[in-house]
> 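For reference, the structure I am asking about is given below.
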2 protein chains.
Amino acid sequence: MRLTTKGRFAVTAMLDLALRQANGPVTLAGISERQHISLSYLEQLFGKLRRRALVESVRGPGGGYCLARAACEITVAEIITAVDEPIDATQCGGRENCRDESRCMTHDLWTELNTTIHGFLSNVTLASLIEKQQEKTKRCSETLSIVKDQRQNYLNHQNAH
Amino acid sequence: MRLTTKGRFAVTAMLDLALRQANGPVTLAGISERQHISLSYLEQLFGKLRRRALVESVRGPGGGYCLARAACEITVAEIITAVDEPIDATQCGGRENCRDESRCMTHDLWTELNTTIHGFLSNVTLASLIEKQQEKTKRCSETLSIVKDQRQNYLNHQNAH
DNA sequence: CCAAACCCGACTATTTTAGTCGGGTTTTTA
DNA sequence: TAAAAACCCGACTAAAATAGTCGGGTTTGG
């Protein structure tokens, strides 16, 4: 599993899609504008996402893209592997380079690391990302209202004098 | 934390060093030969490893490199960050690219992923890699001796006829 | 003093990344 | 039915990163 900005762009774009698909298909032009990713680049990415059945396209005017499944059924791991194709993880896929004692020691290490990364990203869905963000926004506005209350109290107090 | 072949080479080389340092400093020429990594490339890597105080050098004939600490005190994470320098993890280190709602959502994700990877690799030391390998070799030779026993039994049985 | 080793900065070929370009095709709507 | 909005797609390309090489040092044991 490779980790590049391509994968990050794809996750960002999918998130934008997830947040807006309520009112029908979302256009790439819109995503491009909001997320500042070039249209042609998005076309490339969404071509792959469609082939991997993570999104569905609607052609013609009024068209765009929708998630192919519910946001809670799409993991970040899937998005990343869709756009950053395989290219084998541990390099020495049985061939060369692996030598002597050091061979299997590092080999196993990279395999385990890959499993770890993949496991982590498989546990994160678009829905869970959105949810986590909403929690944070909520806490933020709660804090804000507390601050406002305190300010009001202070002003009331001042006026009393 | 970046994961490149440079980091993998460094780990392999350090492992070679850990396994051989018992009889004094290990030369890069030796590591180069055993692990098939070019001498000049090793010099580059060990320059960085030395500056990060993971190895110590002994100059002049009979010289070479030693681990600067015990093998159980050197983690894979340290080796990798020593050779693959920083370059910020989450890209948008506060600047640009991060926009609107999608901003913090993906941002936090990459930060957490980095923490996960770093955590994993910080728990792996040179010593633990060697130990794990030895266990495996041991299990291997046990299996081998069982197979040999069975073969002997079979042959004895044949001779009885 | 010489050879074995480390030391180091500058250079370079290759690959990958990020993205453009120029053409399509499909479908809605006026 | 024509125009326009959208997707579709392969080929190309500039820039950056990677994975090294090269050519000179310096240090030190014998």
Side-chain angles (χ1 to χ4, degrees), chain A residues 1-13 17 20-21 23-33 35-52 54-66 68 80 83-88 91-92 96-97, chain B residues 1-13 17 20-21 23-33 35-52 54-66 68 80 83-88 91-92 96-97:
Chain A
M1 161 153 286
R2 272 188 303 174
L3 300 166
T4 65
T5 62
K6 197 185 220 165
R8 280 194 277 264
F9 278 158
V11 174
T12 302
L17 182 49
R20 293 181 186 266
Q21 67 169 353
N23 353 308
V26 180
T27 68
L28 293 189
I31 298 177
S32 167
E33 209 175 304
Q35 308 299 336
H36 304 107
I37 307 173
S38 92
L39 182 58
S40 337
Y41 203 32
L42 279 175
E43 287 183 340
Q44 244 182 60
L45 298 179
F46 275 78
K48 291 178 180 178
L49 292 170
R50 189 173 51 83
R51 266 166 249 137
R52 299 298 196 94
L54 294 178
V55 296
E56 275 166 12
S57 63
V58 178
R59 303 185 73 164
Y65 286 91
C66 311
I80 290 180
V83 299
D84 270 334
E85 38 237 81
I87 225 177
D88 177 41
Q91 186 132 64
C92 63
E96 223 140 18
N97 188 274
Chain B
M1 162 153 285
R2 271 190 302 174
L3 301 166
T4 65
T5 62
K6 197 183 219 164
R8 280 194 277 265
F9 278 157
V11 173
T12 302
L17 180 50
R20 295 183 185 267
Q21 69 169 353
N23 353 307
V26 180
T27 68
L28 292 190
I31 298 178
S32 167
E33 209 176 304
Q35 308 299 335
H36 305 106
I37 306 172
S38 93
L39 182 59
S40 337
Y41 203 32
L42 279 174
E43 286 183 340
Q44 237 182 66
L45 299 179
F46 275 79
K48 292 179 180 177
L49 292 169
R50 188 174 51 83
R51 267 166 250 136
R52 298 300 195 94
L54 294 178
V55 297
E56 275 165 9
S57 63
V58 180
R59 303 184 73 163
Y65 286 92
C66 312
I80 290 181
V83 299
D84 270 334
E85 40 235 82
I87 222 177
D88 177 41
Q91 186 130 65
C92 62
E96 223 139 17
N97 189 277

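Letters A, B, ... are given to chains in the order of the sequence lines, protein chains preceding strands, and every chain is numbered from 1.
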> L42(B) CG to dC7(C) P: how many Å, rounded?
13 Å
> Separation of D84(A) atom CG from dT17(C) atom P, in whole Å?
7 Å
> State whether T27(B) places a side-chain N or O below 4.0 Å from either non-bridging phosphate oxygen (OP1 or OP2) of dA4(C).
no
> Working to the nearest 0.5 Å, report the span between CG of L39(A) and CD1 of I31(A).
10.0 Å
> Tell me the interatomic distance from R51(A), atom CZ, to dC7(D), atom C1', rounded to whole angstroms.
12 Å
> Check every strand shown and say whether S40(B) touches a base, only sugar-phosphate, or nothing at a heavy-atom separation below 4.0 Å.
base
> Taking only side-chain N and O atoms of R50(B), does any of them lie within less than 4.0 angstrom of OP1 or OP2 on dC8(C)?
yes
> How would you label the contact of G47(B) with the nucleic acid (heavy atoms, under 4.0 Å): base, sugar-phosphate, or nothing?
nothing
> Take T4(A) and V58(B), find for each the nucleotide of DNA chain C with the closest heavy atom, and name the residue whose nucleotide sits nearer the 5' end.
V58(B)
> Within this structure, what is the CZ-to-C1' distance between R59(B) and dG30(D), rounded to whole angstrom?
18 Å
> How close or far is atom P of dC9(D) from atom CZ of F46(A), stated in whole angstroms?
15 Å
> Looking at every heavy atom in both S57(B) and R50(B), which two are closest together, and how far apart are they?
OG-CD, 3.4 Å
> May I ask you to verify if any side-chain N or O of S57(A) is less than 4.0 angstrom from the OP1 or OP2 atom of dC8(D)?
yes
> For DNA chain C, whose closest nucleotide is more 5', that of Q44(A) or that of P61(A)?
Q44(A)
> Taking atom types as they are modelled, is there a donor-acceptor pair under 3.5 Å from the base of dT21(D) to the side chain of E43(B)?
no
> Rounded to whole angstroms, how far apart are NZ on K6(B) and P on dT15(C)?
18 Å
> Expressed as a whole number of angstroms, how long is the span from Y41(A):OH to dC8(D):C1'?
18 Å
> T5(B) has a side chain; which of dA19(D), dG19(C), dT21(D) sits nearest to it?
dA19(D)
> In whole Å, I'd like the distance from the CD atom of E56(B) to the C1' atom of dC7(C).
16 Å
> So, S32(A) side chain and I37(A) main chain: donor-acceptor pair closer than 3.5 Å or not?
yes
> Any non-hydrogen side-chain atom of L42(B) less than 4.5 Å from a side-chain atom of Y65(B)?
no
> Considering all heavy atoms of both residues, which atom of G63(B) and which atom of T27(B) are nearest to each other, and what is their separation?
O-CG2, 3.5 Å
